Amino acid sequence: MVYIEQLQQFEGQTVTLKGWQANMRESKGLLFIVLRDGSGFCQCVVNLEEVGEDVFNELKALSLESSMELTGLVKKDDRQIGGYEVQVTNGKAISASIDYPIAKKEHGVDFLMDKRHLWLRSRRQWALMRIRNAVTFEIHAFFQNRGFMQMDAPLLTPNAAEGTSTLFDIDFYGRPAYLSQSGQLYGEAMAMAMGRIYTFGPTFRAEKSKTRRHLSEFWMIEPEMAFFDNDMNMDLMEDMIREVVTKVIEKCRFELTEVLERDLTKLETVAQKFPRITYTEAVHILKGNQAVNGKTSIEVLQDDLAALQKQIADNETEIADKQSQVDAGGIKKGKLNWLKNKIDQLKVENKELQERADNIPQWLESAKNFTEGEDFGGSDETVLTRLFDSPVMVYNWPTPIKAFYMKEVEGDPNFVKGVDLLAPEGYGEIVGGSERETDIEVLLQKIKAHNLPQEVFEWYLDLRRYGSVPHSGFGLGLERLITWISGTRHIRETIPFPRLYGRVEP
Ligand code: 4AD
Ligand code: MG
C-alpha cells in the first residue's frame, strides 16, 4: 500500500491506494474520484473501458465518505491538488457510507460541532490538524535541541496556580482537589532538579463565557529555567515563536496557503525583532499619547477606517458596474456566470469589510478610555499589535492584576516582572510568563493577599528555603498559537475534540 503523500516516488508506476471518497463526478464513461487517505488528496480517474462494467458500477454506486481501494498508474499533473493523478486500472469498495450527514452545502457550526467526529475528515479540519501536529513537533524540537528536559506535571492538584476563579474542582477520595490550571509550580521544582525543563500537557480552566479564544481544556507548553532573569526569558520566548512559526510555514505551506488561504506575509513578520514595551508604555500608546513610527493609535485607526470605507465604496462601484452588464443582457452563459459569481464574492467581501469598519469606532472609544492599572481587553491587544504589525511583548505589569508568584520589580513593588506576548491581527495573548519571586517573605505575604491556603504551598516555599536561585519561565497556549498561525477565527477548530463552556461532547 502506498500513501498519497508518497506518490511523487511512484511516478509512472502502478500503486494501490486505500482511502475515502472526498468527492466524485461522472462524465461520459469516466469517474473522477477525489480520494483522501489522511496523508493527502488525489484525483483518481476511472475509465469504463479500462476497468470494465463491474468495477465501474461498483465504484460509481459509492457515495461521499465510502471507503475503497484503488489501483492505478501514477501520472504527474500540476493542475491537480497534490500534483498527481492516478489512472485507475482496478478498484473495489471496502465499505459504503450512506447519507453522510455532512453534505457539501453549508452547515451551522453547532451542527458541525455535534458531528465533530466526522467533521475532522473535511479538508479544512485536515489542514488544521496537520498544522497542529507540525507545531507540536517543532516545539519539542526547539526545546530538545537546546538541552531542555520535558517533564510531565500532575493534572490532579491540591492547589490553584493561576487564581481560584477558574478552578474545576473534583472529589479526590473524599477530599477536595482540582484539575491543574498550569504545571508551572511543579515545573519550578523540577527546574531546581534538572536546570531547564518544559512541560507539554493539558490544562483546565473553568472559563464561564463563550469567547473565540477560550477553551476549558487546552494544551500548554511551560518552560522553566534556573538562573534566567526576565530578559533571558523574553529572548527565549521570542526565539521559540520565531523558529516554530518559520518551520511550520515551511512544512505546512500547502495546508496554509491552498486549503486555509492564509496570508503568509502576516506570519513572516516573525523574522523581525519583536518590540518590547512596558505595560506603562503600552497604556500611553493605546491611549494615543505616545506615537509608534510617527503615528498615534488614534491616527492609525482613523486611517484604517478611511481605507476600509474606500475599499467598500470601490467594491460597490464594481458591483454596480457588473450588475448593469448582467441587466443589459445578451452575454454568453460562461461570462454571465462569471459576472454573477464575482458580484456574490464582492458582496461577501463587503460584508466582512463592513464588520471590520464597524468595530473601529468602538476600539477607539475603549482605547481612549482605558483605565491605567487594568488588564488589556481583546480590542486593546488588537490595537497595540496593529501599531507594530508584528508580535509584541509587554512587560512589567501592575502587581494587583498578576499572579502571586511573579517577582516584584526592584524598588517598585507596584509592578512585577511579568511578560505577555501578543500576536497581531487581533489574536492577542498567546504567551504569558515571568521571572519568579524568590523572596520567601514577599511570597508569604502575596499568598495571603490572594486568599490562598499557605499549607498547600509549603512544598513550593521549600524551593526558596533550600538553595533558591533566580529563575523564570512562561506558558505558551498551544491552541492560541495554532489559531494565529492558521488564521482561524475561533479557537475551537484547532483541537480535535474541544471542551468549552456549554460543550463536553462528542
Ligand atoms: O497567562 P497564563 O494564565 O499563564 C500561566 O498559566 C503561567 N503559569 C505560565 C507560566 O509562566 N508558566 O496562561 C498561559 C497561556 C496564555 O498566554 C494563553 O496562550 C493560554 O495559556 N491560555 C488559554 N488558551 C486557551 N484557553 C484558555 N482558557 C486559556 N487560558 C490561557
Ligand atoms: Mg496570561
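Whatever order the structure lists them in is the order used to number ligands and atoms, beginning at 1. Because the structure is a prediction, the values reported are computed rather than measured. One is the number of the first residue; the rest follow in order along the sequence.
Not one N/O/S atom of E162, from backbone or side chain, sits under 2.8 Å from the Mg ion (ligand 2).
At the shortest separation from atom 7 (C) of ligand 1 among protein heavy atoms lies E162 OE2, 3.2 Å. The nearest protein atom to atom 19 (O) of ligand 1, hydrogens excluded, is given as I430 O, 2.8 Å; this is a heavy-atom distance. When only non-hydrogen protein atoms are considered, atom 17 (O) of ligand 1 lies nearest to E429 OE2, 2.6 Å. Scanning the protein heavy atoms around atom 3 (O) of ligand 1, the nearest turns out to be R205 NH1, 2.9 Å. Remark: minimum distance from atom 15 (C) of ligand 1 to any protein heavy atom is reached at G475 O, 3.6 Å. For atom 26 (N) of ligand 1, the nearest non-hydrogen atom of the protein is L215 N, 2.9 Å. Among protein heavy atoms, the minimum distance from atom 18 (C) of ligand 1 is reached at R480 NH1, 3.4 Å.
Cation-pi geometry between R146 and F142 is met: under 6.0 angstrom from the ring centre, within 45 degrees of the axis. A cation-pi arrangement is present between R116 and W119, with the terminal nitrogen or guanidinium carbon under 6.0 Å from the aromatic centre and inside a 45° cone about the axis. Taking the ring centre of F218 as origin, the terminal cationic atom of R213 falls outside the region bounded by 6.0 Å and 45° from the ring axis.
Only the side chain of R436 comes within 4.0 Å of ligand 1, counting heavy atoms alone; its backbone N, CA, C and O stay farther away. Contact annotation: for T203 versus ligand 1, there are no heavy atoms closer than 4.0 Å. Contact annotation for F474 and ligand 1: only backbone heavy atoms (N, CA, C, O) come within less than 4.0 Å of the ligand.
Note on ring orientation: taking the six-membered ring where Trp is involved, the planes of Y186 and W459 are parallel (angle under 30°, cut-offs 30° and 60°). In this structure, Y460 and F457 have perpendicular ring planes: the angle between them is above 60°, well past the 30° mark.
Of the options Y501, F218, W219, W484, the smallest heavy-atom separation from atom 24 (N) of ligand 1 is shown by F218.
Within the listing of ligand 1, atoms 28 (N) sit less than 4.0 angstrom from a heavy atom of E207. Close approach of ligand 1 to E222 (heavy-atom distance below 4.0 Å) involves ligand atoms 7 (C), 8 (N), 9 (C), 10 (C), 12 (N). Applying the 4.0 Å criterion to heavy atoms of V431 picks out, from ligand 1, the atoms 17 (O). Heavy-atom contacts of G477 reach the following atoms of ligand 1: 15 (C), 19 (O), 20 (C), 21 (O) (cutoff under 4.0 Å).
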**OP:** Assess whether salt bridge (charged side-chain N to carboxylate O under 4.0 Å, His left out) is satisfied between R121 and E65, documenting all intermediate values.
**Re:** CA-CA 9 Å; R121 302 179 186 193; E65 286 303 325; 3.1 Å; yes
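Y198 pairs with exactly one of Q150, H140, E222, E224 by the side chain to side chain donor-acceptor pair (under 3.5 Å) rule, that one being H140.
Checked for salt-bridge contact, K273 and E238 meet the test: a charged N lies under 4.0 Å from a carboxylate O. Look at D114 and R503 and you find a salt bridge, because one of the NZ, NE, NH1 or NH2 atoms lies within 4.0 Å of a carboxylate O, short of that distance.
Looking at ligand 1, you won't find any N or O of Q181 less than 3.5 Å from one of its N or O atoms. Remark: ligand 1 and S434 share no N or O pair separated by less than 3.5 Å (distance only, no angle test).
Residue contact annotation: G433 has a non-hydrogen atom under 4.0 Å from ligand 1. Under a 4.0 Å heavy-atom criterion, Y405 is in contact with ligand 1. Judged by the shortest distance from any of its heavy atoms, R213 lies inside the 4.0 Å radius around the atoms of ligand 1.
Donor-acceptor pairing under 3.5 Å is lacking for the side chains of N159 and T157. Judged purely by distance below 3.5 Å, without hydrogens or angles, the side chains of D358 and Q354 pair a donor atom with an acceptor atom. Using modelled atom types and a 3.5 Å distance limit, the side chains of H471 and E188 yield a donor-acceptor pair.
The name of the N, O or S atom in E429 nearest to the Mg ion (ligand 2) is OE2.
Between the S297 side chain and the L286 main chain, a donor and an acceptor come within less than 3.5 Å of each other.
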